[in-house]
**Q** 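Please see the structure below; I have some questions.
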Amino acid sequence: DSAQGSGELDLGPLGIQSAQEEELQTLYDAAIESGDTEVTIYAGHHDEFLGIYAAFEERFPGLTVDPQTYVGAELQTTLEAERQSGNHVVDVLSNPNADRYAEQGFAEKYQPATFELPAWIDGRISEDQIADPKGFYHSPWALMFASSYNTNLLDESDLPGSWADLAGEEWAGKLTFMTPSTPGGTMTVSTALLQAGAVDEAWLRSVGANAKIVAQDQLALQSISAGEFAYQPLSATISVLNAKEDGAPVEVQFFDENNVIATEKWMLAANAPSSDAGKLLLNFLFTAEAQELTLESGNFPINQHDSLESPHGWPKLEDAAFVELPAQTVMREKMTEYGDLFKSITAN
Amino acid sequence: MLKGWRAFTSNPQWVIAIVCFVCFVGPAAMVVQGAFKTQMFGSSGSYTAEMFWEVLRSTDTHSVIIQTVLMGLATIVLSTFFALLFATIYAKTNTVFRQAIPVIMFIVIATPGLFFAIAWGLLGNQNVGLLNQLMTGAFGEAGRIFNMESWWGIVFVSSLRLIALQFFLLLGPFLAMDRSLDEAARLSGAGPVRTFFQIELPIMAPAITGAMILGFVLFLESFDAPQILGVPAGIFVIPTEIYAYLSNSTGPLFAQASSISVLLMVVLMVLVFIQIKVLGRRSFVTIGGKESRALRRDIGPWRWLFSALVLGFAAVTIILPMVQLIRVSLSPFLGASEGFSFDNYEEVLTNRRMVSGYWNTMGTAMLGALLAVLAATAFAWAARFKGGVLSRFIEYSQWLGLAMPGLILALGVLWLFLGLPFLSTFYGTPVLMVFALFVATIPLASRTATAAMAQIPKSLEEAAWVSGASKYRAIWDIIIRLMLPSLVSGWLLCFVVISGVLSIPLLLSTAGADYLSVQIYSRYVEGKAPIAAAAALLLIASFLVVAGIAYLAGRLLALTRPEQRSGKGPGGGTPADLQDPVGPDPTTESAGPAQQLARSR
Amino acid sequence: MRINISSVSKAFNGNQILKDLNLSIESGEFITLLGPSGCGKTTTLRCVAGLESPDHGSIAVDGHEFVNAETRTMVPPHKRKVGMVFQSYALWPHMSVAANVAYPLKRRKTPAAELRERVATSLEAVGMGSHAKRYPHELSGGQQQRVALARGLVSAKGVMLFDEPLSNLDAKLRIAMRSEIRRLHDEFGNTSLYVTHDQDEALALSDRVIIMRDGVIEQVGTPSEVQRRPVSRFAADFVGFENILECRGITQESGAPEATFEGGLRTTSSELASRTVPGSFAAFRSSDVVLGETAQPGLAGAGRIRDASFSAEARTVIVDLPGNRSITVAVPDAAINADSYRLGGTSVQLWVPSESLVILDR
Amino acid sequence: MRINISSVSKAFNGNQILKDLNLSIESGEFITLLGPSGCGKTTTLRCVAGLESPDHGSIAVDGHEFVNAETRTMVPPHKRKVGMVFQSYALWPHMSVAANVAYPLKRRKTPAAELRERVATSLEAVGMGSHAKRYPHELSGGQQQRVALARGLVSAKGVMLFDEPLSNLDAKLRIAMRSEIRRLHDEFGNTSLYVTHDQDEALALSDRVIIMRDGVIEQVGTPSEVQRRPVSRFAADFVGFENILECRGITQESGAPEATFEGGLRTTSSELASRTVPGSFAAFRSSDVVLGETAQPGLAGAGRIRDASFSAEARTVIVDLPGNRSITVAVPDAAINADSYRLGGTSVQLWVPSESLVILDR
Ligand SMILES: Nc1ncnc2c1ncn2[C@@H]1O[C@H](COP(=O)(O)OP(=O)(O)OP(=O)(O)O)[C@@H](O)[C@H]1O
Ligand SMILES: Nc1ncnc2c1ncn2[C@@H]1O[C@H](COP(=O)(O)OP(=O)(O)OP(=O)(O)O)[C@@H](O)[C@H]1O
Ligand SMILES: [Mg+2]
Ligand SMILES: [Mg+2]
């Protein structure tokens with residue numbers, strides 16, 4: 001169906017400049033020309049991006065997206081195997097540790113024409129969390145970790161005012177969260193808070209003692225939804241929103257300060273078979289159309305279009321209060337450093 | 001030279017041994033190499049024992065190993081006990097509900113481990129668990145005694161699935177035993193219980209020890225129950241340790257994970273070695289082959305106890321977790337207590353990737369299981385074709401696949417294929433995944449095939465040879481026919497297990513080919529547990545359909561037999577009637593849901 | 001121990017195998033079951049051992065009811081203290097020869113020292129002493145059978161059942177084993193029930209012999225009774241009376257009664273004729289036929305030698321009688337007289353002495 | 001088909017079972033292997049069938065090498081066209097009786113109509129025609145054996161191997177089966193190798209008999225040769241020479257040479273004495289001993305009757321000789337003379353005619 005694809009595209013809703021439009025048109029034509037029209041994306045989760053993929057497919061007729069779920073060891077192995085066998089499949093990679101994969105030569109330098117580095121991040125987000133100094137990855141948005149609670153068990157007035165409150169005795173037996181000893185939201189948030197000095201080790205231990213620590217965030221969310229526990233600190237926002245949408249009595253809570261964010265880094269894979277289509281997708285992620293969908297799913301565009309507003313009533317990222325996001329290498333270093341601490345909290 | 005070549009071609013063991021070498025030693029060797037290599041792929045990187053020693057010396061590893069071994073032993077003792085008990089009840093008694101046992105076991109195996117663990121986590125939850133609610137209802141707060149998130153909880157849940165698996169592995173030998181062996185013991189003055197322990201069990205020693213080793217190693221790698229139930233209790237075991245190494249925040253530590261795998265291999269080899277020593281040069285064929293009829297005994301009042309046991313087991317393993325799972329599948333979100341609907345099922349059935357994943361899974365599992373069972377038969381046959389080193393090698397190299405947890409095995413296979421130039425072209429084709437699934441399921445298929453073959457006296461095969469049947473013809477006409485019930489059940493087991501395998505397809509499935517277990521798993525991690533549960537239930541339902549078809553086929557086959565031997569004499573109904581008419585092939589009548597279902601009463 | 005089998009019936013798949021079997025065995029008796037293949041001998045032993053339960057009837061030992069189909073009583077096999085040697089050996093493949101034999105002793109709580117000794121002596125007795133450490137699959141057929149025998153013998157305690165325990169042994173060994181079996185029987189005062197196909201064995205061993213036929217008892221008697229005085233054509237045929245002729249009529253022509261048999265044979269004594277009625281049978285062994293004329297009491301007739309079946313080794317001659325009948329005659333010494341009978345067609349006179357004849361009603 | 005077994009050796013677990021066995025069998029011959037349990041008969045058959053491969057030596061049929069341990073040639077069993085009846089029956093439990101018998105025919109591509117017919121006739125021949133649809137486990141021991149026999153017989157094609165095929169059958173059936181076996185052997189012109197423990201069977205069936213002992217051939221000969229002229233003490237003992245006495249010396253006292261044997265027996269003919277040397281043996285059957293005095297050529301002696309072993313049924317008397325030896329004597333007719341020998345201690349004269357004596361060198 002590539003024949004149907006070529007022709008003039010309607011790029012108006014993207015809210016980009018004509019030079020960028022031209023660039024996108026060129027990429028599109030090249031993609032259709034080459035016949036490599038399927039963009040294979042390896043990411044840890046695709047759930048909240050499905051809307052964006054659909055919009056992309058509609059905006060660029062003839063191109064399709066094939067989302068594959070790969071993280072950690074599986075991602076590493078698959079990439080290695082593809083490289084060694086010369087049988088390349090992946091076009092676009094998304095991973096919090098994009099720098100590490102880029103370092104190993106799995107990515108190709110590419111800066112989307114639609115990308116622009118905002119000025120406000122200075123001092124709040126390490127620049128390399130948004131744009132790779134080496135030119136491999138770029139982040140179209142960030143996700144903000146929130147807490148969640150059961151609306152039947154807690155009123156808004158009962159909610160903790162800050163992270164510190166959770167260490168209090170009144171929360172004993174009411175908390176649940178996923179173990180911070182394996183990679184996941186909890187590990188990221190705890191590390192960010194600890195390294196920024198927003199909380200300390202003692203706090204973490206008290207919170208750990210107050211809580212039932214489970215193996216997966218889904219299990220924690222399940223307890224909250226079912227009303228077994230009242231409050232889940234340190235969770236990923238998206239899942240909570242999903243559950244809420246499905247009718248679960250849960251709600252998201254951000255604190256007034258010291259929230260934690262993480263950026264979503266996207267890059268073009270080395271030797272991508274559908275290189276042009278992949279580039280086009282990367283460009284698309286930074287457009288107004290994609291940002292709107294991002295807001296809807298609960299994430300925060302880094303460079304939010306002025307015309308857009310969060311349907312959840314949440315502020316723009318630049319106006320939100322979050323602890324400084326250091327370079328990913330720093331985060332990793334700290335995660336390793338706190339590893340034993342995390343494990344000891346889980347094991348008690 | 002020519003002579004050597006002749007000996008080579010006239011002994012099929014050589015070919016089989018080479019196949020075994022490639023399939024089992026190959027990936028294992030790669031994993032061993034991986035434990036000592038700094039770079040996971042490619043020719044770069046150097047060899048060092050540093051990571052291996054790091055793992056070996058880590059006090060963490062030590063405590064985890066002790067923990068795991070204790071837990072594994074407890075699990076295996078529990079599961080073997082119950083597997084034997086149920087196999088005995090099924091094969092040897094006239095307990096009323098015995099026909100239900102294989103069905104229960106089948107469903108237990110068919111339930112994905114993840115959901116089994118979750119369901120049990122919920123059932124035995126200290127606060128909201130159904131079991132504890134029932135208990136508090138009956139005994140007040142003091143009745144809140146169940147806690148699945150505990151040492152014994154993990155042992156309990158882990159053993160449930162192993163019971164089912166071991167049941168099928170033990171059933172064949174149980175049914176096949178020549179009853180005169182039993183009778184001779186009874187006449188020597190041994191009561192039924194003593195006969196069971198001193199004659200029947202020891203004769204089945206290969207099957208039992210095999211099933212125990214298999215169970216132990218499966219426990220060492222089963223990840224779901226220890227992870228989901230163990231983390232809240234702060235219990236860490238080897239499988240979770242491997243997982244931790246692989247999901248390390250600074251990138252997967254393949255060498256460390258491989259090192260643990262190497263340790264596992266060592267443990268397995270030691271176990272297998274002990275098994276060889278224990279079995280010695282005894283034979284376990286029910287020799288003579290002059291007479292063999294399975295004996296089903298009247299156990300008097302015991303059968304009410306046993307019936308209760310069967311019902312209890314059904315409640316524990318199927319009804320309770322299934323209720324939980326069905327509940328989840330009908331929920332709008334995980335943990336819901338209202339708003340139930342069939343939306344999730346609709347979602348599954350209309351989702352393109354789910355549906356294509358389903359068909360892919362079915363196709364792969366059917367073919368893979370067939371391949372595994374046929375190969376296992378060939379291996380078992382070749383191993384007994386002639387004693388000696390080759391035969392030992394064939395027999396024991398198959399265990400290697402078991403020593404590697406799924407992900408590590410997949411890695412080993414990848415390393416193997418990528419390491420050999422002419423094999424690397426297969427990357428990206430289904431070949432790799434089928435190969436890995438094959439290696440992973442062979443130990444299971446092998447247990448069934450070997451146990452079944454052990455019951456067939458060699459003389460039956462020899463009689464076919466001198467009747468003019470070639471070696472291969474005799475395999476088909478005699479061995480395969482006699483093993484058929486076991487093979488069908490082995491196939492079903494492998495089919496179900498392959499359908500549920502996650503780690504291998506996760507890593508090796510080719511792009512564009514969706515795999516249901518992967519789909520289910522990603523739904524789960526994306527927070528759509530109810531949809532995942534619905535998909536899992538649909539999968540179980542289709543297993544039951546497949547088993548049902550096998551059952552019907554078995555019935556039809558039985559009907560087309562020239563003669564029905566279930567007729568009773570005029571004296572039917574007297575105690576004599578206990579001797580249940582068994583199939584036409586009592587020497588090897590054997591395991592298998594289909595076969596069991598097919599035996600009507 | 002007295003065994004009482006009364007009205008036992010047993011069917012497999014609707015085929016009646018044992019039909020209202022009645023048998024009582026005195027304590028200390030050695031009884032042999034003889035009968036053609038498939039007549040139910042093994043089944044009878046299995047009913048006594050408790051391995052098969054009868055559809056009807058009961059079995060009692062020393063007044064203690066082992067099984068009663070009517071009251072549904074059933075003593076399990078291991079409580080019956082019955083020893084058995086299986087037709088199919090049933091050796092335990094996972095135990096060494098010594099362990100196989102030791103097992104029944106262990107179950108009967110024999111002290112270790114005595115156990116070792118008895119295992120050793122019984123293996124020695126069956127000539128398997130040097131193979132004690134082997135496993136069953138490493139033995140030849142006859143060796144397996146001897147181990148099975150040794151195991152059966154040590155478990156002797158009251159009732160012993162033997163199911164063709166010597167069938168795979170050579171003549172010498174069989175004779176040696178026979179006396180061992182009988183010795184142990186006497187030593188322990190057992191009651192033994194023995195199945196064999198070897199009539200010599202039956203005669204050498206037993207106090208009484210039972211001839212079975214299709215699940216019923218045809219004859220019970222001492223070995224020599226059974227051997228010399230069969231009660232029916234079946235029994236006679238089975239114990240080796242080659243010739244059985246039907247009585248066709250009684251005539252009084254020459255004053256004294258004279259019975260005529262098939263093939264034209266006639267009685268030469270009125271005593272014999274008086275014991276005969278038309279429709280009864282005269283049975284005699286081929287070795288008891290005398291070729292030649294005589295006036296002594298017995299049966300006399302004439303026929304023509306059929307040479308075909310006279311082979312170098314065999315000493316039997318078939319004589320065609322009138323009326324399409326023939327009888328078998330054992331020529332006393334083949335080496336000496338053979339030649340004269342070698343040619344077919346020779347007419348001969350023959351007679352059977354009265355004391356070698358058995359007159360049968362059925 | 002001519003079978004040539006040359007220097008075949010075979011060991012199990014280091015035990016030498018066959019020791020340099022040499023045997024050649026003419027086409028169409030019927031050979032029986034006799035020998036004590038465990039002497040290697042089954043192993044020999046298995047080597048011919050290709051189920052066991054010899055460690056050394058070779059086996060050729062019609063000049064075609066079946067197996068040669070030296071050149072490592074080995075024709076697989078199914079290409080040897082050998083029929084075999086197994087000692088352990090080896091019936092296929094998943095096939096009905098008819099299917100068991102039909103299988104070898106199918107493998108040999110017999111047309112369907114012929115197959116049906118041959119299955120039916122061969123089952124009929126073994127008396128199992130009415131059980132064709134049963135499964136092996138529904139048969140008695142003897143019935144199973146007959147099915148095994150029928151299956152072996154239909155697969156006859158050149159070479160037939162029988163491993164105690166009649167051991168579980170009764171006398172009558174055994175005799176009937178014998179002639180069936182021999183008939184088929186002759187009809188198809190097979191070469192047959194037959195293992196049995198029944199010497200009558202061996203004599204009735206075979207053209208030549210082979211006596212084996214511990215993996216070597218002790219004697220080969222026609223049935224009557226083997227029966228009457230054993231070549232060694234072992235063979236004599238095995239075929240039933242109860243009495244074997246060693247020669248102690250030759251004296252010339254009375255002019256003619258005279259040989260003295262254990263127990264004080266002496267030759268009464270110089271011809272006999274001349275055939276004897278010290279250390280050789282005289283063997284004779286108990287039935288050939290005559291009680292009483294004589295002057296005829298042979299062995300003569302005196303002894304004292306030991307009564308203990310004289311039982312009602314048996315016709316044998318044990319006579320104690322000087323020098324702690326004893327011999328067995330069969331009393332011609334127990335019924336008549338029995339009483340006179342009933343009491344132990346009676347002194348008797350005895351002699352053995354020359355023609356009943358066998359002088360053995362080893
Ligand atoms: N698999 C084996 N392992 C070890 N020894 C064996 C094996 N098979 C046979 N033997 C030994 O070899 C010898 C000869 O065995 P074979 O079966 O040939 O005897 P046989 O002459 O047929 O005896 P029988 O008349 O008792 O059947 C026996 O002593 C037996 O113990
Ligand atoms: N399980 C069974 N099912 C059907 N028929 C059976 C079964 N067992 C035995 N029979 C039949 O019962 C009859 C008697 O069998 P049994 O074993 O008692 O014979 P037997 O007298 O011991 O004969 P043999 O001398 O051949 O061993 C046989 O005709 C046999 O076919
Ligand atoms: Mg029998
Ligand atoms: Mg043998």
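Here is the naming used below: chain letters follow the sequence lines, and residue numbers restart at 1 for every chain. Keep in mind that the numbers below use all heavy atoms, side chains included, and drop hydrogens, waters and symmetry copies.
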**Q** Short question: side chain of C:Gln145, backbone of C:Asn168 - any donor-acceptor pair under 3.5 Å?
**A**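 Checking the backbone N and O of C:Asn168 against the side chain of C:Gln145, a donor-acceptor pair under 3.5 Å is found.
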**Q** Answer yes when D:Glu29 and D:Arg208 have at least one side-chain N-carboxylate O distance shorter than 4.0 Å, and no when they do not.
**A**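 Yes, D:Glu29 and D:Arg208 are salt-bridged.
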**Q** Locate the shortest heavy-atom distance separating D:Pro136 from D:Asn100; write the atom from each residue and the value.
**A**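 Between these two residues, the closest heavy atoms are CG-ND2, 3.8 Å.
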**Q** Quick one: which of C:Glu164, C:Lys41, C:Gln227, C:His131 has the most heavy-atom pairs under 4.5 Å with chain D, could you say?
**A**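 Maximum pair count with chain D is reached by C:Glu164.
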**Q** Verify whether the ring centers belonging to D:Phe241 and D:Phe284 lie closer than 6.0 Å.
**A**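 Ring-ring flag for D:Phe241/D:Phe284: false, centres at least 6.0 Å apart.
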**Q** State whether D:Glu138 and D:Arg134 are salt-bridged, where the test is any N-O pair (Lys NZ or Arg NE/NH1/NH2 against Asp/Glu carboxylate O) under 4.0 Å.
**A**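 No, this pair does not count.
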**Q** With a 4.5 angstrom heavy-atom cut-off, which part of D:Gln199 approaches chain C: side chain, backbone, both or neither?
**A**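 Contact with chain C: side chain only.
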**Q** Using heavy-atom distances under 4.5 Å, tell me whether C:Ser167 contacts chain D through its side chain, its backbone, both, or neither.
**A**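 Answer is both: backbone and side chain atoms of C:Ser167 are under 4.5 Å from chain D.
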**Q** Would you call D:Asp186 and D:Arg182 a salt bridge, using N to O less than 4.0 angstrom?
**A**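 The answer is yes: the pair qualifies as a salt bridge.
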**Q** Counting only heavy atoms closer than 4.5 Å, note whether C:Asp237 contacts chain D via side chain, backbone, both or neither.
**A**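 Both parts, backbone and side chain.
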**Q** Under 4.5 Å, counting heavy-atom pairs only, tell me which of D:Leu169, D:Asp198, D:Thr196 racks up the most with chain C.
**A**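 Among D:Leu169, D:Asp198, D:Thr196, the one with the most close pairs to chain C is D:Leu169.
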**Q** With respect to chain C, which residue among D:Cys39, D:Gly40, D:Pro36 yields the maximal number of heavy-atom pairs within a distance under 4.5 Å?
**A**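 Top option by heavy-atom pairs under 4.5 Å: D:Pro36.
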**Q** Under a 4.5 Å cutoff for heavy-atom pairs, which residue among D:Ala171, D:Gly141, D:Gly127, D:Gly240 has the most contacts with chain C?
**A**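 Among D:Ala171, D:Gly141, D:Gly127, D:Gly240, the one with the most close pairs to chain C is D:Gly141.
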